[in-house]
Amino acid sequence: MRLDLTVEGKNLVVKFNGELDHHTAQQIREKIDEEYRRQKLQNIILDLKGLNFMDSSGIGLIMGRYKICLNNNGKLALIHVNSRLEKILKVSGIFKIVKKYDSLSEACHIF
Amino acid sequence: MRLDLTVEGKNLVVKFNGELDHHTAQQIREKIDEEYRRQKLQNIILDLKGLNFMDSSGIGLIMGRYKICLNNNGKLALIHVNSRLEKILKVSGIFKIVKKYDSLSEACHIF
Amino acid sequence: MLDNSMKLEFPSKSQNESFARVVVASFASQLDPTIDELADVKTAVSEAVTNAIIHGYEDTEGIVYVECKIINNKLEIIIKDNGQGIRDINMVMEPLYTTKPELERSGMGFTVMETFMDELEVKSEVGKGTHIRMVKEFKSVSIKE
Amino acid sequence: MLDNSMKLEFPSKSQNESFARVVVASFASQLDPTIDELADVKTAVSEAVTNAIIHGYEDTEGIVYVECKIINNKLEIIIKDNGQGIRDINMVMEPLYTTKPELERSGMGFTVMETFMDELEVKSEVGKGTHIRMVKEFKSVSIKE
Ligand SMILES: Nc1ncnc2c1ncn2[C@@H]1O[C@H](COP(=O)(O)OP(=O)(O)O)[C@@H](O)[C@H]1O
Ligand SMILES: Nc1ncnc2c1ncn2[C@@H]1O[C@H](COP(=O)(O)OP(=O)(O)O)[C@@H](O)[C@H]1O
């Protein structure tokens with residue numbers, strides 16, 4: 001799993017490349033949280049375009065980042081959610097609290 | 001394994017696409033031989049460009065077609081032999097009797 | 001009619017989660033699955049194998065067992081551990097129930113297995129281990145050569 | 001130090017030759033092999049598994065066993081059958097020796113295993129079966145996360 005972290009204003013943009021499971025989630029979580037704190041950011045945008053596989057570990061990872069943003073008066077957004085990811089995320093009911101957008105600019109717009 | 005058989009004059013051109021092992025070799029052998037006989041051809045050119053994998057079953061298949069051509073006053077040629085195929089074919093010493101060429105036109109030239 | 005089968009075992013290391021997915025997907029490919037069917041199977045296998053590793057064996061190391069059988073157009077998958085077992089199966093199968101929130105587990109593993117597969121059966125004995133049986137039916141079956 | 005291991009078994013059906021290659025290649029990918037190293041391993045596995053199926057079990061059906069161990073930067077592969085066994089190991093390991101010319105076998109299987117792997121060990125007992133042990137050392141090792 002390769003992770004690209006970029007900062008856009010108060011937003012942390014996280015690009016995933018690879019497979020997200022229990023094995024890869026731990027490391028990813030640490031990298032995201034460290035960057036978010038170190039740069040004193042507010043919102044997180046998860047770009048799922050390059051995510052080839054995700055199991056329920058991904059649901060845990062998204063929920064965890066959602067809580068961190070919430071505690072910091074920030075928001076979490078998902079972009080590029082394909083039909084596979086949509087299927088597993090729907091099961092979890094996560095779309096009740098986390099919104100998905102078609103593009104980065106759309107997601108940034110709402111913050 | 002997908003096989004493309006085309007006729008060029010007295011030559012049968014066989015294009016491989018996929019993996020050549022004991023499992024796939026049997027079927028392939030039958031298809032090649034049937035076409036060679038039905039169309040009363042003389043030479044066979046094996047185009048190995050799309051061959052992603054080959055084990056020693058491939059050596060047996062090439063030797064078998066070599067013999068069939070020989071018995072019919074024909075020749076067998078290999079084209080598009082990449083470095084992986086070269087490695088396994090060298091082990092067998094097959095290049096002492098079967099020649100390889102860079103292109104179809106080059107191979108046709110020698111018949 | 002039993003068409004084919006395989007058995008796999010490996011130690012409960014988390015890097016084997018992706019290995020188990022690849023193996024089952026490769027075995028299932030004989031059934032000429034759609035991309036979506038194959039992804040369903042991979043996801044369910046990932047859930048069950050991860051559970052064996054993090055819940056079954058927790059911090060100890062044990063062996064995870066994976067068995068597959070192809071019967072006509074159905075794939076049966078069994079995933080077993082000899083770990084600590086489950087006390088109350090009905091409770092743990094509830095969506096969002098997890099005993100490992102500190103690992104950011106979502107408690108959605110069993111729900112995903114149930115949703116993505118056609119059958120799910122869980123047997124477990126405390127101190128002995130857990131046995132998951134899942135079945136997926138492939139719709140557009142045309143055995144690949 | 002033993003870093004990881006796995007065991008696989010499947011019936012002696014020829015469609016499992018490609019399955020065995022994929023499984024071992026996927027397991028070996030932890031060692032971050034070059035494309036050439038991985039292709040060497042796949043070829044050697046294909047030879048040994050094919051031999052178990054066509055020579056070991058001939059026309060009967062039996063189980064083929066594949067075991068892999070990663071020890072530092074080495075991959076050890078064991079491929080076993082409980083088939084008819086080999087009477088004279090030195091003879092069958094000669095290049096071009098084959099008992100199945102009618103299947104267009106080239107008699108190059110053992111030569112390929114020897115050339116493509118760093119170690120090859122053959123044990124066999126007539127009526128009991130055959131046990132092939134091969135080792136490949138990976139040069140540019142950098143364990144993948
Ligand atoms: N193989 C297992 N061995 C022991 N306990 C298990 C096993 N699988 C699941 N469990 C228990 O069931 C709970 C729910 O599992 P699951 O729905 O997969 O969610 P999660 O893995 O996110 O916790 C786990 O938190 C654990 O307590
Ligand atoms: N697993 C096995 N069980 C019994 N005999 C075997 C086995 N593997 C190889 N042999 C014998 O050794 C011979 C040489 O094997 P090999 O070099 O792989 O060539 P090939 O498979 O082309 O015959 C075979 O023809 C067979 O007689």
Side-chain angles (χ1 to χ4, degrees), chain A residues 1-3 14 16-34 36 44 46 48-71 76 78 81-98, chain C residues 10-22 24-25 33-58 64 79 92-117 120:
Chain A
M1 166 68 93
R2 213 190 70 223
L3 212 63
V14 182
F16 293 87
N17 265 291
E19 309 204 326
L20 178 48
D21 62 9
H22 156 254
H23 179 67
T24 56
Q26 186 150 5
Q27 250 178 294
I28 287 170
R29 195 164 69 202
E30 284 167 12
K31 280 191 193 155
I32 295 174
D33 294 356
E34 201 213 290
Y36 181 78
I44 299 179
L46 302 178
L48 308 184
K49 194 172 196 172
L51 203 56
N52 306 319
F53 176 84
M54 189 182 99
D55 65 14
S56 73
S57 312
I59 300 170
L61 185 119
I62 295 171
M63 285 301 300
R65 307 295 80 55
Y66 167 79
K67 285 179 198 158
I68 286 174
C69 289
L70 200 68
N71 286 338
L76 179 84
L78 306 177
V81 178
N82 67 29
S83 65
R84 276 307 307 174
L85 295 169
E86 176 115 16
K87 185 170 180 180
I88 186 159
L89 289 171
K90 258 195 186 148
V91 170
S92 71
I94 210 169
F95 291 128
K96 280 172 209 141
I97 50 174
V98 175
Chain C
F10 50 81
S12 58
K13 293 170 182 284
S14 65
Q15 75 256 43
N16 290 330
E17 291 157 9
S18 62
F19 173 62
R21 293 196 297 269
V22 172
V24 176
T34 63
I35 293 174
D36 244 46
E37 287 170 335
L38 205 56
D40 286 351
V41 168
K42 283 174 89 164
T43 312
V45 167
S46 200
E47 300 296 349
V49 168
T50 301
N51 280 354
I53 294 172
I54 62 176
H55 302 304
Y57 293 116
E58 271 195 296
V64 181
I79 295 174
V92 303
M93 288 184 74
E94 284 292 316
L96 302 174
Y97 178 88
T98 181
T99 49
K100 291 247 184 291
E102 75 279 11
L103 291 184
E104 291 199 346
R105 301 304 301 165
S106 62
M108 295 305 293
F110 280 121
T111 312
V112 166
M113 290 182 242
E114 254 182 329
T115 315
F116 285 24
M117 301 294 280
L120 172 66

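Everything quoted here is computed from the prediction, not taken from an experiment. In what follows, chains carry the letters A, B, and so on, assigned in the order in which the sequence lines appear, proteins first and then strands, with residues in each chain numbered from 1.
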Query - From Ile53(C) atom CD1 to His22(A) atom NE2, the distance as rounded to the nearest 0.5 Å - result: 7.5 Å
Query - Gap separating the OG atom of Ser46(C) from the CE atom of Met54(A), nearest 0.5 angstrom - result: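 Nearest 0.5 Å value for the OG-CE distance: 11.0 Å.
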**Report entry** Any donor-acceptor N/O pair, Glu17(C) side chain to Asp21(A) backbone, under 3.5 Å
**Finding:** no
[X] versus chain A, the contacting section by heavy-atom distance below 4.5 Å:
X         : result
Asn16(C)  : neither
Thr115(C) : side chain
Ile35(C)  : neither
Thr50(C)  : side chain

Query raised in the report: Relative to chain A, which of Arg105(C), Glu47(C), Glu104(C) shows the most heavy atom pairs under 4.5 Å?
Result: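 Maximum pair count with chain A is reached by Glu104(C).
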Minimum heavy-atom separation for [X] and [Y], please, with both atom names.
X         : Y         : value
Leu103(C) : Arg29(A)  : O-NH1, 3.1 Å
Asp36(C)  : Arg84(A)  : O-NH1, 3.2 Å
Gly60(A)  : Ser106(C) : N-CB, 3.8 Å

Query raised in the report: Any side-chain heavy atom of Ser18(C) sitting closer than 4.5 Å to one from Phe53(A)?
Result: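 A side-chain contact under 4.5 Å is absent here.
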Query raised in the report: Between Gln26(A), Glu19(A), Lys87(A), which shows the greatest number of heavy-atom pairs under 4.5 Å with chain C?
Result: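 Going by pairs under 4.5 Å, I would pick Lys87(A).
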Query - Whether over 12 other heavy atoms sit under 6.0 Å from Lys100(C) NZ - result: yes
